[in-house]
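Count residues from 1 along the sequence.
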Amino acid sequence: QVQLVESGGGLVQAGGSLRLSCAASGDITCIVAMGWYRQAPGKGRELVATIASGGGTVYGDSVKGRFTISRDNAGHTWDLQMNSLKLEDTAVYYCDAGCKGWGYSNYWGQGTPVTVSS
């Protein structure tokens, strides 16, 4: 129903910045929430940030003040601006779309790796 494509990951030095983008296609009218999650080696998937259709945002405690999530008005794309990157931010980052129709479904991108080096 919904396909997500991520871009922007890569290698960056500690203290630097990256901007991740997620583009949605398919039945995008179902999307009511958009988000970013990450998974570090040996750990579970962790909330980074979410944004609702009305614009409300939620951030994980570890990224507050450093990361910012944004979206376009139509909800086709959403970005994650990452500043002041730390070594512990190294992970595979996944974008997520929450869809509401007949029930509630989550769709995930393929993941884009972010590596922060010293």
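With hydrogens and angles disregarded, a donor-acceptor distance shorter than 3.5 Å links the side chain of Arg71 to the backbone of Ser53. Side chain of Thr90 to main chain of Thr115: no donor-acceptor pair is present (N/O by atom type, distance under 3.5 Å, no hydrogens or angles).
Here the CD-OG distance, from Gln13 to Ser118, works out to 8.5 Å after rounding to the nearest 0.5 Å. Rounding to the nearest 0.5 angstrom, the gap separating the OG atom in Ser25 from the NE2 atom in His76 is 9.5 Å. Between atom SG of residue Cys95 and atom CD of residue Glu6 there is a gap of 3.5 Å, rounded to the nearest 0.5 Å.
The hydrophobic side chain of Leu11 is isolated, with no ILVMFWY side chain under 4.5 Å apart from it. Hydrophobic cluster membership for Leu4: Val2, Val12, Leu18, Leu20, Ile28, Ile31, Met34, Trp36, Val48, Ile51, Tyr59, Val63, Phe67, Ile69, Trp78, Leu80, Met82, Leu85, Leu87, Tyr93, Tyr107, Val114, Val116 (Ile, Leu, Val, Met, Phe, Trp, Tyr linked by side-chain heavy atoms under 4.5 Å, directly or transitively).
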Determine whether Gln39 and Glu46 satisfy the following criterion, side chain to side chain contact (heavy atoms under 4.5 Å, CB included), listing intermediate values before the conclusion.
CA-CA 6 Å; Gln39 188 166 14; Glu46 174 191 16; over 6 Å; no
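The cationic group of Arg38 does not satisfy the cation-pi geometry with Tyr94, failing either the under 6.0 Å distance to the six-membered ring centre or the 45° limit from the ring axis.
Within 6.0 Å of atom CD in Gln3, more than 12 heavy atoms from other residues, nucleotides or ligands are found, so the atom counts as buried in its surroundings. Summarising the local packing, CD of Glu88 is surrounded by more than 12 heavy atoms from other residues, nucleotides or ligands at distances under 6.0 Å.
Looking at residues two or more places apart in sequence or on another chain, you find no side chain to side chain donor-acceptor pair (under 3.5 Å) involving Thr68. Partners of Ser17 under the side chain to side chain donor-acceptor pair (under 3.5 Å) rule, at least two apart in sequence or in another chain, are Asn83. Applying the side chain to side chain donor-acceptor pair (under 3.5 Å) rule to Lys43 yields no partners; only residues at least two apart in sequence or on another chain are considered. Evaluation of the side chain to side chain donor-acceptor pair (under 3.5 Å) rule for Asp79 yields Arg19, Ser21 as partners, not counting sequence neighbours.
With salt bridges taken as basic N to acidic carboxylate O contacts below 4.0 Å, none links Lys86 and Asp89.
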